[in-house]
Undergrad: 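Below are the structure tokens for one structure; questions will follow.
Indexing begins at 1, ligand by ligand and atom by atom, following the structure's order.
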Amino acid sequence: MFVDSHAHLEGKQFQTDREQVIARARAAGVETIVTIGNGDSPASLEAGIQLAEKYDFMYSTIGVHPHEASLADKVLFDCMEQLAKRPKVIAWGEIGLDYFYDHSPRDVQQRVFVSQMEVARSAKLPIVIHCRPSGSGEDAWEDCLRLIGEHWARGGLGGILHCFTGAWKHARKALDLGFMISFAGNVTFPKAQQIREAALQVPLDRMLIETDCPYLAPVPHRGKRNEPAFVTETAGKLGELRSLSREEVGEQTSGNFYKFFKLAEIAENKVPAR
Ligand SMILES: [Zn+2]
Ligand SMILES: [Zn+2]
């Protein structure tokens with residue numbers, strides 16, 4: 001059993017064959033999927049929720065990606081606050097900082113990140129963090145972890161550091177701030193030694209797995225469109241590192257996911273969500 005804790009299944013890349021993609025995930029043992037509610041733009045914020053409402057094994061998030069931070073006006077915030085009340089929404093995200101692409105100015109990204117932490121706290125939802133520094137720099141990590149420390153950590157709701165690409169010291173800090181660390185397909189890439197070093201040290205009970213599909217397909221699917229079924233490859237790589245089978249990594253990370261989101265009763269009884 002596997003949980004894909006971060007998929008962009010509502011995106012246009014799955015427009016033509018979404019049903020088959022979901023069927024392949026189920027056949028591969030993926031029993032729960034979180035689809036990220038950003039849609040292709042803030043204009044389609046509801047897309048992830050609508051998809052999750054169609055399947056009892058799927059959940060959604062709500063939020064504005066740092067790329068689109070400059071589009072986050074009052075109307076959008078009001079809309080998100082309403083959508084956050086829908087039963088299938090289990091987290092606020094993905095939010096954070098992306099200094100690699102700088103699609104929105106950094107000061108705007110920071111302001112919108114902090115504002116979203118505030119509304120997430122009101123909605124009592126954990127947050128899903130996207131953090132990407134410029135090049136090999138530390139800039140986004142420093143700002144991101146500092147802002148979480150100042151504006152979020154005390155509330156105790158925690159969150160997920162999604163698609164972890166940093167070094168162990170960043171993971172260590174995020175763990176101290178109450179976060180789960182989620183590994184994606186890039187842990188399988190030959191050059192990703194830094195991610196594997198972190199993956200060796202993150203406590204097993206704080207680890208999650210995800211695809212971030214359609215991006216970052218793991219080896220041996222690298223370069224193709226990613227899909228939730230491929231999360232098993234990420235589990236396999238983590239298993240190699242931690243001397244576990246891919247099934248054991250699946251069981252462990254699924255258990256972590258259900259426990260973090262207090263969905264244990266779903267895992268045990270297979271009853272529909274909330
Ligand atoms: Zn991301
Ligand atoms: Zn994502």
Side-chain angles (χ1 to χ4, degrees), residues 3-14 18 21 25 30 32-42 44-49 51-52 58-72 80 89-104 106 109-110 112-113 116-117 120 125-135 139-141 143-145 147-148 159-166 170-171 174 179-187 189 192 195 198 208-218 224-231 234 253 257:
V3 172
D4 183 354
S5 70
H6 191 114
H8 293 270
L9 268 187
E10 80 292 349
K12 58 182 177 301
Q13 295 89 341
F14 296 107
R18 193 173 286 113
V21 167
V30 178
T32 299
I33 300 171
V34 179
T35 194
I36 300 302
N38 298 108
D40 293 317
S41 80
S44 52
L45 267 182
E46 200 179 345
I49 300 173
L51 184 62
M58 205 180 290
Y59 297 90
S60 180
T61 67
I62 187 76
V64 173
H65 194 284
H67 287 342
E68 278 109 27
S70 52
L71 302 174
M80 289 194 294
V89 176
I90 58 169
W92 201 290
E94 56 189 292
I95 61 175
L97 303 172
D98 194 310
Y99 293 175
F100 187 80
Y101 287 109
D102 280 328
H103 286 331
S104 291
R106 293 182 185 181
Q109 291 191 42
Q110 291 177 20
V112 171
F113 180 27
Q116 291 195 89
M117 286 193 266
L125 292 171
I127 52 178
V128 177
I129 297 293
H130 170 105
C131 178
R132 187 159 184 200
S134 61
D139 44 13
W141 283 111
D143 288 347
C144 189
L145 294 167
L147 291 173
I148 292 171
I160 299 172
L161 206 54
H162 115 84
C163 189
F164 184 72
T165 55
H170 305 124
F179 278 71
M180 307 292 283
I181 311 292
S182 182
F183 290 95
N186 47 4
V187 75
F189 295 175
I195 305 176
L208 298 175
I209 53 174
E210 64 172 78
T211 54
D212 202 14
C213 66
Y215 316 107
L216 288 174
K224 290 198 287 187
R225 181 189 67 174
N226 199 3
E227 61 175 68
F230 300 164
V231 79
T234 297
T253 51
F257 176 88

Undergrad: Identify, with sequence neighbours excluded, every residue that meets ring-ring contact (aromatic ring centres under 6.0 Å, His included) alongside F189.
TA: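 So F189 forms no ring-ring contact (aromatic ring centres under 6.0 Å, His included) with any residue.
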
Undergrad: Can you tell me if Q109 uses its side chain to pair, donor with acceptor, with the backbone of A69 under 3.5 Å?
TA: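 No; zero donor-acceptor contacts below 3.5 Å.
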
Undergrad: Could you tell me which residues satisfy ring-ring contact (aromatic ring centres under 6.0 Å, His included) with F230, sequence neighbours excluded, listed by chain and number?
TA: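 Once residues adjacent in sequence are excluded, the partners of F230 under the ring-ring contact (aromatic ring centres under 6.0 Å, His included) criterion are H221.
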
Undergrad: Where does the angle between the aromatic ring planes of H130 and H162 fall among parallel (under 30°), tilted (30 to 60°) and perpendicular (over 60°)?
TA: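 If you compare the ring of H130 with that of H162, the planes turn out tilted.
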
Undergrad: Which count of protein N, O or S atoms is obtained for distances strictly below 2.8 Å from the Zn ion (ligand 2)?
TA: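 Protein heteroatoms (N, O, S) closer than 2.8 Å to the Zn ion (ligand 2) number 4.
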
Undergrad: Sequence neighbours excluded, which residues qualify as ring-ring contact (aromatic ring centres under 6.0 Å, His included) partners of H170?
TA: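 H170 satisfies ring-ring contact (aromatic ring centres under 6.0 Å, His included) with W141 once adjacent residues are dropped.
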
Undergrad: Ring-plane angle category for H103 and Y101, please: parallel below 30°, perpendicular beyond 60°, tilted otherwise.
TA: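 Parallel: the ring planes of H103 and Y101 meet at under 30°.
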
